[in-house]
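The block underneath contains the structure these notes are about, expressed in structure tokens.
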There are 2 protein chains.
Amino acid sequence: MYSIGQLSKATGVKVPTIRYYEQVGVLASAGRTDGNQRRYDQDGVERLGFIKHARDLGFSIEAITALIDLQQHPDRSCADASAIAKHQLADVQEKLRRLSALEAELIRISDGCDGDGVSGQCYVLASLADHKHCRTDH
Amino acid sequence: MYSIGQLSKATGVKVPTIRYYEQVGVLASAGRTDGNQRRYDQDGVERLGFIKHARDLGFSIEAITALIDLQQHPDRSCADASAIAKHQLADVQEKLRRLSALEAELIRISDGCDGDGVSGQCYVLASLADHKHCRTDH
DNA sequence: CTTGAACCTCTAGTGACTAGAGGTTGTAGA
DNA sequence: TCTACAACCTCTAGTCACTAGAGGTTCAAG
Ligand SMILES: [Zn+2]
Ligand SMILES: [Zn+2]
Ligand SMILES: [Zn+2]
Ligand SMILES: [Zn+2]
């Protein structure tokens with residue numbers, strides 16, 4: 001049996017975050033001692049490990065809740081799991097596209113100013129003031 | 001003179017967002033009619049355009065506030081503007097690095113499941129349950 | 001002068017936590 | 001067995017950049 005602090009150390013998830021996960025329902029409520037403190041078993045460690053790993057990969061709490069639900073029913077179709085993963089991938093790829101465009105503009109903007117001028121002539125400020133300086137949409 | 005709705009159309013920033021920008025101090029308070037409605041001049045359009053463009057490039061409100069402050073003093077050094085832009089670039093590049101790692105893992109995970117199996121054997125769920133399947137840190 | 005779209009302020013909600021106040025419990029050492 | 005104190009508990013509020021809604025007022029066209 002683990003206390004919440006021991007679970008925290010075992011998984012790398014902070015104590016208040018564990019309580020938050022319980023509050024929003026992605027982590028099942030733990031058993032309690034007579035004094036009302038949470039106690040976790042190995043199952044709890046694995047459940048929280050799953051949540052942490054999925055969060056690290058960018059899945060939303062809502063998506064993770066659905067995935068854990070699926071995991072509790074090993075005989076159900078995994079179509080939803082597949083869809084959630086593909087959706088998450090598409091999401092990440094969209095963010096990558098947007099960030100790449102931003103990176104290109106920011107490199108141009110950064111390169112245009114050494115910081116040794118005066119703000120009236122600053123390329124950073126001029127570029128932000130007018131999108132026409134930009135090479136891409138964004 | 002523009003009403004807040006006309007300013008919204010001119011810049012593509014939603015009306016409640018404009019009020020929010022004023023509230024947090026990044027957009028200077030507008031003049032008012034006798035009936036207390038906001039009125040903007042060309043200067044206001046440019047100020048908000050600057051904010052929108054910087055937000056589109058991912059700058060924080062705090063950073064934009066500093067940049068606008070600098071823009072109001074054309075004779076000051078632009079060292080801060082340069083530093084803010086470089087910081088933002090570094091930020092974006094860090095996000096790109098992280099997202100690229102996530103993309104690689106998510107492609108692997110997605111490719112490992114067609115959604116036509118059962119969740120007890122699902123590669124998506126197995127991969128989320130155990131980071132050992134992963135090729136990268138993340 | 002009437003109508004109604006657009007405006008006003010204020011509060012609360014979003015996601016995924018994080019911080020702090022104020023009080024209680026578990027446990028190791030004396 | 002007692003005591004000290006780290007770790008636990010709940011609850012509220014704050015973060016960021018908005019967004020939604022309630023309930024009331026103003027502007028401008030017809
Ligand atoms: Zn400069
Ligand atoms: Zn641009
Ligand atoms: Zn599957
Ligand atoms: Zn992993």
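Proteins come first, then strands; the chains are lettered A, B, ... in the order of their sequence lines, and each starts at number 1.
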*Candidate nucleotides C:dT18, C:dT9, D:dA17, ranked by approach to the side chain of B:S60 - the nearest*: D:dA17
*Can you tell me how far P of D:dC18 sits from CD1 of B:I64, to the nearest Å?*
8 Å
*Where the side chain of B:I61 is defined as all heavy atoms beyond and including C-beta, which of D:dC9, C:dA16, D:dC18 is the nearest nucleotide?*
D:dC18
*Would you tell me if any nitrogen or oxygen in the side chain of B:R38 comes within less than 4.0 Å of OP1 or OP2 on C:dC7?*
no
*Quick one: which of C:dG26, D:dT19, D:dC9 gets closest to the side chain of B:K14?*
D:dT19
*Consider the side chain of B:R19, meaning its heavy atoms from C-beta on, and name the nucleotide among D:dA28, D:dC8, C:dT9 that approaches it most closely.*
C:dT9
*Does some side-chain heavy atom of B:K9 sit less than 4.5 Å from a side-chain heavy atom of B:Y2?*
no
*Shortest side-chain distance from B:Y21, nucleotide among D:dT19, D:dC18, C:dT18*: D:dC18
*Does any donor atom in the side chain of B:E105 or B:T136 lie under 3.5 Å from an acceptor atom in the other side chain?*
yes
*Roughly, in whole Å, what's the span from CG in A:D34 to P in C:dT24?*
17 Å
*Just to confirm, is there a sub-4.0 Å distance from OP1 or OP2 of D:dA17 to any side-chain nitrogen or oxygen of B:T17?*
no
*Is any side-chain nitrogen or oxygen of A:T33 closer than 4.0 Å to OP1 or OP2 of C:dG26?*
yes
*Might you point out which heavy atoms bring A:I68 and A:I51 nearest each other, and give the distance in Å?*
CD1-CG1, 3.5 Å
*For the pair made of CG in A:L27 and C1' in C:dA16, what is the distance, rounded to whole Å?*
15 Å
*So, A:R97 and A:E94, do they make that salt bridge, N to O below 4.0 Å?*
yes
*Which whole-number value in Å describes the distance from A:Y2 OH to D:dC8 P?*
14 Å
*Any side-chain heavy atom of A:R38 within less than 4.5 Å of one from A:R32?*
yes
*Please state how far atom CZ in A:R39 lies from atom P in D:dA7, giving the value in whole angstrom units.*
13 Å
*Please state how far atom CD in A:Q23 lies from atom C1' in D:dT12, giving the value in whole angstrom units.*
11 Å
*Does atom CD of A:Q72 have more than 12 heavy-atom neighbours from other groups under 6.0 Å away?*
yes
*Figure out the NZ/C1' separation between A:K9 and D:dA6, and round it to whole Å.*
11 Å
_Residue B:Q37, side-chain atoms from C-beta onward, closest of C:dT18, D:dC8, D:dC27_ = D:dC27
*Quantified as the angle between the terminal helix axes (five pairs each), what is the overall bend of the helix from C:dC1-D:dG30 to C:dA30-D:dT1 to 10 degrees?*
10°
*Is the count of non-hydrogen atoms from other residues, nucleotides or ligands lying under 6.0 Å from A:K86 atom NZ greater than 12?*
yes
*Whole angstrom is fine here: how far is it from CZ in A:R32 over to C1' in C:dT25?*
13 Å
*Choose from C:dC8, D:dT19, C:dC7 the nucleotide whose nearest atom is closest to any side-chain atom of B:S3.*
C:dC7
*asked:* Closest approach to the side chain of B:R55, judged atom by atom: which nucleotide of D:dC9, D:dA17, D:dT19 is it?
replied: D:dA17
*asked:* So A:K95 and B:K95, do their side chains get closer than 4.5 Å, heavy atoms only?
replied: no
*When you measure from the side chain of B:I4, which nucleotide among C:dC8, C:dT18, D:dT10 comes out closest?*
C:dC8
*Looking at the side chain of B:P16, which of C:dC17, D:dT19, D:dT10 is the nearest nucleotide?*
D:dT19
